[in-house]
Amino acid sequence: MSREATAPHRAKEYETIYILKPDIDAESAEKVGTCLAEVVGREKGQLTKVETWGRRKLAYAIAKHKRGVYVYLKYLGTGGVVSELERNLRLFDGVLKYQTVLVRSDVEVEGVAISADDVKFERLELPPLEDDKDESRERQLGLVENARREKPEGIVPELEEAELEAIGDLAGA
């Protein structure tokens with residue numbers, strides 16, 4: 001007998017973070033959010049929190065993008081909600097990555113207080129993308145010397161050669 005049949009007012013709590021392309025327009029981001037909210041409702045789940053974290057730098061490049069727009073969802077439901085939500089995230093071209101985590105496995109649905117402002121998808125108002133001047137293609141490939149790397153770290157430019165030798169002798173002792 002499944003757990004749902006024995007505890008109809010119980011659910012699991014999940015968090016999903018998805019990353020949108022950094023140059024996504026507000027309409028496309030809103031379309032993704034609306035669709036995900038409909039999926040959660042259709043699968044008898046319940047959104048409890050939605051946060052837009054904005055454009056942030058990625059830890060590593062994803063599909064040649066160095067930045068992404070992060071969106072956080074927290075919701076109640078069963079495993080079917082997660083699989084359908086992730087299936088829809090895979091279908092959107094504007095989504096770079098997503099990850100879902102089970103937070104709690106036995107939650108009393110009636111005991112969760114949900115504010116209408118917490119589950120509203122904010123309209124994305126992002127400033128235009130700035131080109132990273134430090135991250136030019138030549139610099140990435142190591143063809144251009146970085147001005148900061150010309151002097152070895154820890155050497156003060158005002159020191160004379162004799163003082164530098166004395167410091168070297170102390171370090172070698």
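Not measured: the values here are computed from a predicted model.
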Is a side-chain donor or acceptor of Thr16 paired with a backbone partner of Leu73 at a separation under 3.5 angstrom?
no
Say you draw a straight line from CZ of Arg55 to CG of Asp23; how long is it, rounded to the nearest 0.5 Å?
8.0 Å
Pair Leu20, Val95 - check side chain to side chain contact (heavy atoms under 4.5 Å, CB included), show working.
CA-CA 4 Å; Leu20 299 169; Val95 177; 3.8 Å; yes
Taking atom CD1 of Ile17 and atom OH of Tyr72, what is their separation to the nearest 0.5 Å?
7.0 Å
Quick one: closest heavy-atom pair of Cys35 and Asn88, and the distance?
SG-OD1, 3.8 Å
Does any non-hydrogen side-chain atom of Tyr18 lie less than 4.5 Å from one of Leu36?
yes
Between CD of Glu86 and CD of Gln99, what distance do you get to the nearest 0.5 Å?
9.0 Å
State, yes or no, whether a side-chain contact exists between Val40 and Tyr14 at a heavy-atom distance under 4.5 Å.
no
Would Tyr98 and Leu102 show up in the same hydrophobic cluster when neighbours are defined by side-chain heavy atoms closer than 4.5 Å?
yes
Mind checking whether Leu89 and Ile19 sit in one hydrophobic cluster, side chains of I, L, V, M, F, W, Y counted as touching below 4.5 Å?
no
Rounded to the nearest 0.5 Å, how far does OG1 of Thr48 lie from CD of Glu15?
8.5 Å
Nearest 0.5 Å please: distance from the CD atom of Glu51 over to the OH atom of Tyr70.
14.5 Å
Any pair with a residue in residues 29-41 that passes side chain to side chain donor-acceptor pair (under 3.5 Å), sequence neighbours left out, goes on the list, sorted by first then second residue, please.
Glu30-Arg123
Minimal non-hydrogen separation, Leu96 against Ala63, with atom names
CD2-CB, 4.2 Å
Looking only at heavy atoms, which two atoms of Val69 and Lys21 are closest? And how far apart?
CG2-O, 3.9 Å
Same hydrophobic cluster for Ile62 and Trp53, using side-chain heavy-atom links shorter than 4.5 Å among ILVMFWY?
yes
For the atom pair NZ (Lys97) and CG (Leu58), what is the distance rounded to the nearest 0.5 Å?
10.0 Å
Identify, with sequence neighbours excluded, every residue that meets salt bridge (Lys or Arg N to Asp or Glu O under 4.0 Å) alongside Glu43.
none
For the side chain of Arg104 and the backbone of Glu13, is there at least one donor-acceptor N/O pair under 3.5 Å apart?
no
